[in-house]
Structure formats: structure tokens, C-alpha cells
Number of protein chains: 2
Amino acid sequence: MTETQNRRRPLNRGRVQAAAVQVADRDGLKGITMRSVADLLGVEAMALYRHVSGKNDLLDSLVEVVVAEINDACDALPAPEDPADWRTNLRRRILTARATLLEHRWAPALISSHGTMGPALMRYFDEFGAILAAGGFTLDTIHHALHAFGPRALGFSPELFEPEAPAVTETDLDEEAALADMAAMAETLPFLARMAEHLSHEASTTLGWCDDQDEFEFGLDVMLDGLEKRLER
Amino acid sequence: MTETQNRRRPLNRGRVQAAAVQVADRDGLKGITMRSVADLLGVEAMALYRHVSGKNDLLDSLVEVVVAEINDACDALPAPEDPADWRTNLRRRILTARATLLEHRWAPALISSHGTMGPALMRYFDEFGAILAAGGFTLDTIHHALHAFGPRALGFSPELFEPEAPAVTETDLDEEAALADMAAMAETLPFLARMAEHLSHEASTTLGWCDDQDEFEFGLDVMLDGLEKRLER
DNA sequence: CGCGCCCCGTTTACAAGGTAAACATGTTTA
DNA sequence: TAAACATGTTTACCTTGTAAACGGGGCGCG
């Protein structure tokens with residue numbers, strides 16, 4: 001019966017990519033394995049090599065797949081009311097990209113580690129730059145801005161400190177140890193100690209310690225403010 | 001004779017880390033292999049496991065090693081003239097960190113991919129935050145700023161588009177093909193086409209297309225400007 | 001002094017994963 | 001219909017991380 005399905009749907013690059021995306025969505029980036037992707041397709045690992053030249057090629061192509069999705073989402077946006085309002089237009093585009101990425105949590109890491117610039121990425125940046133140009137920035141400034149944004153242009157910012165597996169069961173936050181930590185910290189890390197205390201006091205206002213979306217928008221707006229200052233008039 | 005040297009210098013965590021750094025400096029991150037590191041030490045791979053709990057542990061610890069180096073460099077800096085001049089002080093610290101990272105080109109990728117927060121990193125951010133605090137920022141704003149800076153706080157910004165192996169020999173920039181590309185690009189990517197042309201015209205001013213250091217400082221200053229605006233008075 | 005224990009590196013072995021090469025089978029073309 | 005081709009399978013190999021058992025030398029304790 002798997003055979004019947006195989007006959008029905010012959011393999012092709014698109015199906016391989018789609019399967020890889022599915023695997024990544026389920027098991028994360030490390031879950032992507034020639035064999036795991038092949039399994040999902042009911043096929044042997046070596047079969048994939050007819051359609052991708054190797055794992056690297058597959059991974060690179062996944063970046064393009066995701067960015068293509070982003071482009072689609074951006075295309076679906078209503079046309080900007082005021083083309084000269086670069087700030088609103090850029091912000092909207094970036095947050096749209098972010099929304100798409102949130103459905104593929106593994107994508108940021110992939111994008112960061114694969115410095116390839118395919119057609120989809122180019123198109124994204126073409127329109128990105130066009131928005132800035134419409135806002136009155138010079139080509140030079142735009143060029144710098146593209147570098148300055150970095151991954152933020154695509155809607156994510158690499159977090160230096162990601163918990164990965166927080167998993168602190170209630171019972172194991174040992175009060176005593178925590179206090180000892182605090183005391184030690186206050187000595188060697190006076191500032192962080194102050195901040196930790198401050199944050200724990202108002203922790204109730206936000207969900208968890210740091211709301212990713214909030215942090216992202218804060219950083220984005222800082223960037224936009226800084227850029228605005230460079231708009232010569 | 002290797003034996004003699006082994007007897008002379010018994011293995012320990014520090015030497016393992018140092019060897020790993022050396023390998024990475026030479027062959028890049030992917031060059032770090034239990035066996036390659038062991039080889040460099042004149043030892044078998046499994047010997048490393050007495051001092052490191054696994055490759056992951058080794059890699060994590062390398063982050064700390066590098067950041068410790070950064071901290072040393074920052075400690076060697078003369079004391080700030082004006083503690084309230086957060087902008088100058090922060091800028092100096094960040095650029096010092098960057099200078100250190102430039103000697104370990106592999107470090108940024110490592111740091112980005114290992115979301116661990118060891119003592120060295122904590123110390124770095126402790127002083128980082130302290131500078132902002134001395135400048136008059138609220139704890140909340142500082143917290144946001146730390147997120148907003150992200151890797152830039154350590155002196156690097158993830159480049160979305162890294163050439164990796166530029167390697168365009170003079171003979172193979174086929175004039176004809178290049179023009180065809182340009183034409184095709186002007187159609188589908190009008191903005192990038194404009195920018196490419198503009199940049200190629202003034203390419204002589206900077207070395208190569210994009211000067212990393214310049215780009216970095218531009219982004220940094222944009223960020224600082226944006227932050228300055230959030231300094232409530 | 002000698003015996004046993006432990007520190008530390010070695011040997012051996014295996015599993016996971018990428019991929020080359022030969023092969024089989026069905027489809028298309030001459 | 002036979003040859004060429006496309007597509008997936010089988011086998012096999014290599015690299016790399018790591019578990020487990022081993023060995024030997026130095027040090028403390030009887």
C-alpha cells in the first residue's frame with residue numbers, strides 16, 4: 001500500500017522539502033536526517049539524492065522555502081496607505097515575517113547558520129530596501145541599514161541566553177540554595193543581582209520573565225528610532 | 001618522546017580547552033573533533049572524557065573561555081573618565097569585545113548556537129548593565145536593552161549573507177553572464193539592481209564591498225542612538 | 001616493604017549518520 | 001522491440017561521538 005502511494009505521488013524536490021519541514025516542525029533541526037526525511041516519505045534515504053545534492057543542499061533549500069512562505073505572507077498584506085511612511089510599512093513587514101517564523105521555530109537557527117542568499121531572500125530584501133528608499137533614505141544608508149538589521153529584518157533576533165530546557169520542578173527550587181546564590185551573586189555580580197531582584201518583583205506583569213514578542217518589538221523600535229535620526233532632510 | 005612530554009604535562013581541563021581553541025583557530029568550528037583535539041595533545045580521544053563530559057560540554061566551555069578572554073581585555077582598559085558617559089563607555093567595551101572575537105572567528109557562531117550562560121558571560125553582562133545604570137537608565141530599560149543588543153553586546157552581529165568562499169577568479173566573471181544577470185535582476189529585483197549598481201560605483205572607497213568593522217559600528221551607533229532616546233530625564 | 005586502590009589514559013567496540021557505487025525496475029524513445 | 005533513461009533500492013564505507021572494559025603506575029596504609 002505504501003507502494004501504491006509511491007506510484008501515485010512520485011518524489012520530487014518539493015515533496016522532499018515539504019517532508020523535511022514537517023520533520024523539523026516535529027523534531028527540531030537535529031531531527032532532520034536523510035533517513036528520517038526518507039522514512040516520512042516511505043522511501044529509502046538514498047532516494048533523496050536524486051532530488052537534492054546532499055544534506056547541505058536540502059538545508060539550504062529549506063531556508064528558501066521558509067522565506068518564500070514569508071514573501072507570500074507579505075504579498076497578502078494590503079497595500080501600504082502611505083508609501084512614504086517607511087516606518088509603518090517596514091514594521092508591518094517585519095512583524096509579518098516574524099509571525100511566519102513563529103510557525104517554524106527551527107528556522108531562525110537554520111537561517112543564521114546558512115549564509116546563502118537565494119532568490120527568495122533576495123526578493124524579500126528587494127522590497128525591504130524599496131520601502132526604505134520610498135521613505136527617502138539614500139542608497140548608502142539603506143545598504144548600511146540592511147547590515148545593521150541583520151536577522152531582525154526577517155523578524156527574529158538571536159537570543160544569547162535561551163533556556164532550552166527550563167524544567168525547574170517546583171520542589172527543586174531549593175529556597176536555601178537560592179538564597180545562597182543570591183548572596184554570592186550580590187557580591188560578584190552586584191548589578192545582575194539588583195536586576196534579578198527587580199525583575200522578580202514585577203514578574204507578574206508579564207508572562208514569564210521575558211516576553212519574546214515584547215522584547216523583539218522593543219529592539220525593533222530602538223533600531224527604527226536610530227535609523228530615523230539618519231534620515232537627512 | 002611523545003610519552004615523555006605526556007608525562008611532563010598531565011592533561012587537564014584547561015589544556016583540553018586550549019587545544020580545542022587552537023584547532024578551531026586553525027580549522028574552524030567543524031574542525032573540532034574529539035579525535036582532532038586529542039591528536040593535538042598527543043593523546044587518544046577517550047582521554048578527553050576524563051576532563052570534559054562530552055563534546056557538548058567542551059563546546060560550551062569554549063564559550064566561557066573566549067568570554068573570559070574578553071573580560072580580561074576589558075579589565076585591562078583604563079578606568080572610564082566619566083562614569084556617567086554610558087555611551088562612550090559602552091561603545092569602548094563592545095569594541096574591545098569585538099577585537100577579541102576577531103582573533104577567534106569561529107566564536108560568534110559558537111556563542112550563537114550555545115545558549116548557555118556561564119559565569120564569564122554573567123560577569124560581562126553585569127558590567128555591561130552597570131554602565132547603563134550609571135548612565136541613568138532604569139532597570140526595566142536596561143533589561144530590554146540587553147535583549148535588544150543581543151550578540152551585538154559581545155561585539156558581533158550575525159551576518160545574514162556571508163560569502164564563506166567568495167573565490168571568484170578574475171577569468172570567471174563572465175562579462176556576458178554578468179550583464180544578463182543584471183538585466184534579469186533589474187526586472188525582478190529593481191531595488192537591489194539599483195543598489196548593486198550604486199555600490200559597484202563607489203566600491204573603491206572601501207576595501208571589498210562591505211567593511212565589516214564599519215558596518216558593525218554603524219549598527220552599533222544606530223542602536224545607541226535609539227537607546228539614548230529612551231533615557232528619561 | 002609490599003599490597004591494594006585509584007587516577008588516568010588506552011583499547012575495543014558500537015551506533016548514528018552522510019554518501020558513493022552498483023544495481024533493479026519501470027518508462028520512454030528511437 | 002531494443003536501447004537509453006529515470007528513479008528508487010541495496011550494500012557498503014567512512015567519520016564521529018561515546019560506552020565499557022582494561023592496564024599500569026604512583027601513593028597511602030598496614
Side-chain angles (χ1 to χ4, degrees), chain A residues 1-24 26-63 106 109-110 113-114 116 164-165, chain B residues 1-24 26-63 106 109-110 113-114 116 164-165:
Chain A
M1 100 229 183
T2 341
E3 290 174 25
T4 334
Q5 291 216 340
N6 281 347
R7 194 85 10 107
R8 205 172 299 270
R9 283 187 190 281
L11 228 44
N12 61 42
R13 198 163 219 263
R15 283 190 65 223
V16 172
Q17 293 168 327
V21 166
Q22 212 175 316
V23 170
R26 177 162 42 81
D27 304 329
L29 259 196
K30 289 178 311 188
I32 295 188
T33 273
M34 288 299 138
R35 303 201 223 271
S36 73
V37 173
D39 275 3
L40 191 61
L41 292 163
V43 123
E44 294 304 310
M46 289 311 293
L48 305 182
Y49 284 80
R50 292 276 165 204
H51 309 279
V52 285
S53 72
K55 190 182 184 185
N56 240 323
D57 178 35
L58 174 56
L59 255 31
D60 279 353
S61 84
L62 285 194
V63 172
W106 44 272
L110 215 211
S113 61
H114 278 245
T116 60
E164 174 108 7
Chain B
M1 102 222 187
T2 342
E3 290 175 23
T4 335
Q5 291 216 342
N6 281 345
R7 195 84 11 106
R8 204 169 299 267
R9 283 188 189 282
L11 227 45
N12 61 40
R13 199 163 217 264
R15 284 191 64 225
V16 172
Q17 293 168 329
V21 167
Q22 212 175 316
V23 170
R26 176 161 41 81
D27 304 328
L29 260 197
K30 289 178 311 187
I32 296 189
T33 274
M34 289 299 135
R35 300 193 223 264
S36 73
V37 173
D39 275 3
L40 190 62
L41 291 163
V43 121
E44 294 304 310
M46 289 311 294
L48 306 181
Y49 285 82
R50 293 273 166 210
H51 309 278
V52 188
S53 72
K55 189 182 183 183
N56 238 329
D57 178 34
L58 174 56
L59 255 29
D60 279 352
S61 84
L62 285 195
V63 173
W106 44 271
L110 215 212
S113 62
H114 278 246
T116 60
E164 175 106 9

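Convention: sequence-line order gives letters A, B, ...; per-chain numbering from 1.
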Can you measure B/L58 atom CG to D/dT16 atom C1' for me and round it to whole angstrom units?
14 Å
Figure out the CG/P separation between A/L48 and D/dT9, and round it to whole Å.
9 Å
Would you say A/H51 reaches D/dT7's phosphate, i.e. side-chain N/O to OP1/OP2 under 4.0 Å?
no
Atom OH of B/Y49 and atom P of D/dG17: how far apart are they, to the nearest Å?
7 Å
Of all residues at least two apart in sequence or in a different chain, which pass the side chain to side chain donor-acceptor pair (under 3.5 Å) check with B/R50?
none
What is the separation between atom CG on B/D39 and atom P on D/dT15, rounded to the nearest whole Å?
13 Å
For a 4.5 angstrom cut-off between non-hydrogen side-chain atoms, does A/V37 reach A/K55?
no
Hey, does B/L58 have a side-chain heavy atom less than 4.5 Å from the side chain of B/H51?
no
Any non-hydrogen side-chain atom of B/R15 less than 4.5 Å from a side-chain atom of B/V43?
no
Flag the pair A/D39 / A/V23 as yes when at least one side-chain heavy-atom distance between them is below 4.5 Å, and no otherwise.
no
Distance in angstrom units between A/R13 CZ and D/dA6 P, rounded
17 Å
Separation of D/dT7 atom P from A/L41 atom CG, nearest Å, is 15 Å
Under the side chain to side chain contact (heavy atoms under 4.5 Å, CB included) rule, collect the residues that match up with B/A109, sequence neighbours excluded.
B/L29
Note: for A/S53 and A/R50 on DNA chain C, the residue whose nearest nucleotide lies more 5' is A/S53
Each nucleotide N or O in nucleotides 11-17 of chain C that has a protein N or O under 3.5 Å away: list the pair and distance.
unit_1, atom_1, unit_2, atom_2, d
C/dG17, N7, A/R35, NH2, 2.8

CG of B/L11 versus P of C/dG9: gap in Å, rounded?
5 Å
